[in-house]
Amino acid sequence: MRDMGEKRRHGGGHHVHGVGFGAGGVGHAEHDEKRREPKKLDMSGMSMDTIPHLSMPLGNITTLDLSNNNLQSVPESIIARLLNVVVLDVRSNQLTSLPNSIGCLSKLKVLNVSGNLLRDLPATIEECRALEELNANFNQLTKLPDTLGFELHGLRRLSVNSNKLAYLPSSTSHMTALRSLDARLNCLRALPDGLENLGSLETLNVSQNFQYLRELPYGIGLLVSLRELDVSYNSIAALPDSMGCLTKLARFSAAGNPLVCPPMDVVEQSLDAMRAYLSARMNGTDKDRRRRRSWVPKLVKYSTFSAGMMTPGRATKVHGNAEQGLLMSDYRTLDGGIASPGFLSMLSPRRLFSPRRNSPKHH
């Protein structure tokens with residue numbers, strides 16, 4: 001606390017613009033209007049073990065920086081009073097938990113809790129529905145709240161690298177605004193189902209999960225906005241064929257994997273070579289075609305394929321896939337497992353059980 005006094009006496013770094021803190025702190029603003037202006041309370045790098053008594057009203061604090069201290073906890077009462085806080089930075093402390101009252105921060109957009117000793121995040125974090133960026137790197141997290149993605153629809157950046165996560169919650173697939181997901185240096189066994197829902201995702205880093213991560217989901221090829229993908233230093237032997245559809249991908253790394261499909265020399269040649277190799281596999285064997293057939297409706301739905309990429313011909317909705325808006329050309333061989341739309345229409349219930357049109361009347 002002596003250091004804090006010295007900093008105030010010398011006009012140094014850590015202060016609140018317009019208000020004082022500590023016992024007997026008084027406001028320095030000359031006008032009521034200035035006192036109502038958003039404030040930043042900067043108490044970073046002050047070697048604090050505990051937060052001192054804050055006498056000023058916290059309702060107009062929009063940024064609270066408590067980073068680079070030795071805090072083991074943050075009082076529930078302080079967090080509950082930060083009704084207008086937008087940025088909360090508590091990185092590089094000794095926190096083992098976050099207060100449940102963090103759920104009161106309805107305007108919070110940026111939360112940085114990296115570099116602590118957190119084993120989990122409170123379930124009440126789901127109440128921070130304005131949250132756009134969550135940084136929880138370098139902790140001891142073994143799990144994230146199961147329903148995190150159901151509430152945080154506006155989250156754009158999720159960074160949880162350097163933890164002990166075995167899985168990401170299945171609700172991750174509901175974070176449809178997510179643009180960056182960093183889950184490297186964990187113990188991930190798999191990526192969540194429904195990954196294809198993340199249509200805005202531009203950067204995905206799941207590198208350095210080492211022996212734990214052995215495969216990528218087929219839905220990764222549906223990430224139509226993906227520009228950067230890092231899967232290096234895992235145990236992946238084969239990339240999904242669907243990755244041949246990642247037309248916006250500009251940076252890719254798979255170093256340190258025992259890749260056999262595609263061979264590493266293809267991957268190292270160029271992104272175009274890798275895409276061509278995987279696309280060829282999608283159109284390859286009967287087994288590949290059957291697998292592709294199950295995914296093509298989704299590829300069309302998520303705009304990975306468009307009608308313009310199909311073979312020219314009369315576009316027809318295939319029965320059974322009408323809800324997906326699947327457009328196929330007139331001709332498909334029975335060998336490939338997909339009959340022509342004309343043939344399928346002969347077997348449709350409407351055709352079989354409806355009266356024939358223009359049929360002669362029987363007398």
Side-chain angles (χ1 to χ4, degrees), residues 13-19 37-46 48 51 54 58-69 71 73-76 78-95 97-118 120-139 141 144-145 147-163 165 168-169 171-172 174-184 198 200-205:
H14 310 292
H15 59 283
V16 186
H17 300 289
V19 294
E37 290 178 355
K39 305 292 192 299
K40 176 179 179 179
L41 173 52
D42 186 350
M43 301 172 68
S44 61
M46 303 179 77
M48 296 185 299
I51 299 176
L54 301 174
L58 299 180
N60 59 349
I61 296 294
T62 56
T63 299
L64 175 58
D65 189 349
L66 297 170
S67 64
N68 296 293
N69 284 291
L71 300 174
S73 65
V74 178
E76 297 270 0
I78 288 180
I79 296 298
R81 291 160 59 195
L82 296 168
L83 299 180
N84 290 300
V85 74
V86 175
V87 178
L88 177 58
D89 189 348
V90 294
R91 72 183 187 275
S92 301
N93 279 284
Q94 302 294 318
L95 299 176
S97 64
L98 296 178
N100 287 320
S101 57
I102 199 167
C104 299
L105 307 183
S106 60
K107 297 182 180 180
L108 186 65
K109 291 186 177 182
V110 179
L111 176 61
N112 193 336
V113 298
S114 63
N116 283 284
L117 304 172
L118 301 174
D120 55 29
L121 299 177
T124 53
I125 199 172
E126 299 169 2
E127 301 299 318
C128 302
R129 293 186 176 91
L131 200 62
E132 296 180 358
E133 180 175 335
L134 174 57
N135 188 334
N137 300 329
F138 296 99
N139 278 282
L141 296 173
L144 298 176
T147 55
L148 190 67
F150 293 143
E151 302 296 338
L152 301 185
H153 299 297
L155 197 65
R156 297 163 63 90
R157 181 181 179 85
L158 176 60
S159 297
V160 289
N161 78 58
S162 307
N163 281 285
L165 297 170
L168 297 175
S171 63
T172 303
H174 290 259
M175 298 178 181
T176 52
L178 201 62
R179 293 195 174 185
S180 175
L181 174 56
D182 183 358
R184 60 190 147 145
L198 306 183
S200 299
L201 193 66
E202 297 177 352
T203 302
L204 175 60
N205 192 333

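Nothing here was measured: the structure is a model prediction, and the numbers come from that model.
A heavy-atom distance below 4.5 Å is not found between the side chains of L95 and L117. The closest side-chain heavy-atom distance from V86 to L108 is not below 4.5 Å. By the 4.5 Å heavy-atom criterion applied to side chains, N205 and N161 are not counted as neighbours. A 4.5 Å side-chain heavy-atom check between I125 and L111 finds at least one atom pair inside the cut-off. Using a 4.5 Å heavy-atom threshold, the side chains of L88 and V110 count as separate. Looking at T63 and L41, their side chains never come closer than 4.5 Å, going by heavy atoms from C-beta outward. Counting heavy atoms from C-beta outward, L181 and T203 have side chains that stay 4.5 Å or more apart. Looking only at side-chain heavy atoms (C-beta outward), K107 and T62 stay at 4.5 Å or farther from each other.
Between the D120 side chain and the P145 main chain, no donor and acceptor come within less than 3.5 Å of each other. The backbone N or O of R156 sits nowhere less than 3.5 Å from a side-chain atom of E132 that would complete a donor-acceptor pair. Looking only at distances, no side-chain donor or acceptor of S159 sits under 3.5 Å from a matching main-chain atom of D182. No donor-acceptor pair under 3.5 Å is formed between the side chain of S162 and the backbone N or O of F138. Checking side-chain atoms of N100 against main-chain N and O of I102 turns up no donor-acceptor pair under 3.5 Å.
Each of V90, N116, I51 was evaluated against L71; a single residue qualifies, I51, per the side chain to side chain contact (heavy atoms under 4.5 Å, CB included) test. None of L158, N112, V160 except one satisfies the side chain to side chain contact (heavy atoms under 4.5 Å, CB included) rule with N135; the exception is N112.
T147 and E126 form a side-chain donor-acceptor contact under 3.5 Å, judged by distance and modelled atom types alone. No donor-acceptor contact under 3.5 angstrom links the side chains of N60 and N84, judged on distance only. No side-chain donor-acceptor contact under 3.5 Å links N93 and N69.
With sequence neighbours excluded, the residues satisfying side chain to side chain donor-acceptor pair (under 3.5 Å) with S67 are D65.
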